[in-house]
Amino acid sequence: MLAKLKSATYIGIDGTLVDVEVDLSKGIPSFSLVGLPETMVKESKERVLTAIKNSGFSLPLKKITINLAPADLRKEGTGLDLPIALGILSASGHFASELLKEKVFLGELSLDGKLRRIRGALPIAILLREKGIKEIVLPFENAPEAGIVEGVDVYPVNSLKEAVDFIKGDIKIEKFEVEKEKIFSELSFYDVDFSEVKGQTSAKRALEVAAAGGHNILFIGPPGAGKTMLARRFPTILPGMTLEEALETTKIHSVAGKLPSDKPIITTRPFRAPHHTISDVGLIGGGHIPKPGEVSLAHNGVLFLDEFPEFSRNVLEVLRQPLEDGSVTIGRAKFSVTFPARFVLFASMNPCPCGYLTHSEKECTCTAGQIRRYLSKISGPLLDRIDIHLEIPSITYTDLSSKKDGEPSEKIRERIEKARKIQLERFKNESGIYFNAYMKQKHIKNYVKISPDGENLLKNAMENLNLSARAYTRILKLSRTIADLDESKEIKPHHIAEAIQYRALDREYWEGY
Amino acid sequence: MSERKEKGRLYEVFAEEYLKRKKYKILERNFSWRKGEIDIIAEREGNIIFIEVRSKKQGDIRGYETVTPVKQKKIIETAKFYLESKNLLGKREVRFDVISINFKDDEIEIEHFENAFREE
């Protein structure tokens, strides 16, 4: 007796269909599973048999053969438990195999027959929409996540028994409806706000520019200047996510198993702050079966690296590919996987090992050699990819004691949203470019128009401040963003002047030592 | 016959009686070949059932716990040989049971584990 049904798994962040074929034949009772199952799938045998028994069904006294097709695809995850169990039950005559058609089944079984949450429900639901498969049966906890995808009817079930009753038509299950508008209209709530930051106006402004143009940013300053405090508040001014962005980010979190159970979809930009002891695999992703790393989890959001030079050298160097391409490709002998990783890099560091090189009162105790070694951790090519370098001065008493509140995050965010809209309009015909930070040479030529006085200023600055060619392109991109914030088509001298400020450190630090 | 073997034979008789009362038809006792032995082979409702009889050993260890994977494999191999020799392989449904017999203050306690193991 043979039963056939459809299920799915995922590779990287994309879903892929799997055919589950179950055959029962007389012979010595046994259970064999073929079709490149990975460990998690191999173990499903014990879960499936026990769950069938504990759901009140009798185990067939038969030789059970299960084939997972296509046979050359590695099957991952625990989502195949439910289809395997249903296949066995159908083949042993509990219900007709025809009832399983036109549906996709997913779910991990626990020993008592209950269904558990699986990874990758969102990418699989997106795949079904593409393939035109209308119905999916999956664990209750995964329903909100899969329900986001339009055109796929989601039937949540709690247990194997319930799934069988639903298939046989003994019980009715309402298809799961997600209140999409509600999820997106819920304003993101943060318990911190920019209005709490006293002083540090230039740092706040730099963050505004970074958020508006998607520019990477590096803060350099003594301990206690407020670098980390500012970083915590950075997400509060980030523009809201579009549905496409939200789906893309959620897909990554879904396969990483990092999706919070109360939130089916990620609607606020992720802010990832890994500790500096992180390994290169942890940051970039990897493993025997590649899993997304921090850079991908920060996709469409912010990757905050505090104490930048404390990260090990090879960890910092692997950052170069995602910063350049907006994605990470992890190659394995038989296949390779690409995870998107487009994020704003936000790094912070001290100017020297002791931290007080630029402090107004405290004396720095570092030798020139120590400082050189410290700064050399950040390689030129890496520095090259960070548009804004800003020195954060130590905070003064007058600033701290001031009663005046700073500008609230919401106001800043409004300006940023406007600037982003201008950019989206500008790049609507350019594929893969969303913000000014991603402009390549040819885009700069097309889109960055500087007024004649601006040209003069830039020429003077280049000559007098001894700025490099690298700094030159960065200044052009930054001034474009600053002009966008100003809602000005043309780039004026004061926009350029501000942009030059954000590059001043090229000279001061890395060229001085 | 050694005392141990004699005892074993006695347990098998108990098990057989128990099975007969449960409407099992006994096909073979102590079926053996070079790779192993099966205590009882029975039939009920067209299914062939291979039964291993165990007695309580010492302490808390129950009889059925002593059917180790190695022993299971031997029983399965022997079952295959039996089915093939009778030309039944692939024609009947097959099950492996364990019957555990414990003496408890002169009372005999029989525990029957249906479908106790299957081929890995």
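In what follows, every chain begins at residue 1, and chains take the letters A, B, ... in the order their sequences are listed. These numbers were taken from a predicted model, which means no experiment stands behind them.
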Region of A:Lys63 that comes under 4.5 Å of a non-hydrogen atom in chain B: neither

Of the backbone (N, CA, C, O) and the side chain (C-beta and beyond), which part of B:Lys80 lies under 4.5 Å from a heavy atom of chain A, both, or neither? both

Would you call the rings of B:Phe50 and B:Phe96 parallel, tilted or perpendicular, where under 30° means parallel and over 60° means perpendicular? parallel

Under 4.5 Å from any heavy atom of chain A - which part of B:Leu83: side chain

Interchain contact, A:Ile64 with chain B, by part (heavy-atom threshold 4.5 Å): side chain

One pair to check against side-chain contact (heavy atoms from CB on, under 4.5 Å): B:Leu19 and B:Arg44. What are the steps and the verdict? CA-CA 10 Å; B:Leu19 288 169; B:Arg44 193 171 87 163; over 6 Å; no

Crowding at NZ, A:Lys103 (>12 non-hydrogen neighbours, <6.0 Å): yes

For atom NZ of B:Lys20, is the number of surrounding heavy atoms from other residues, nucleotides or ligands below 6.0 Å larger than 12? yes

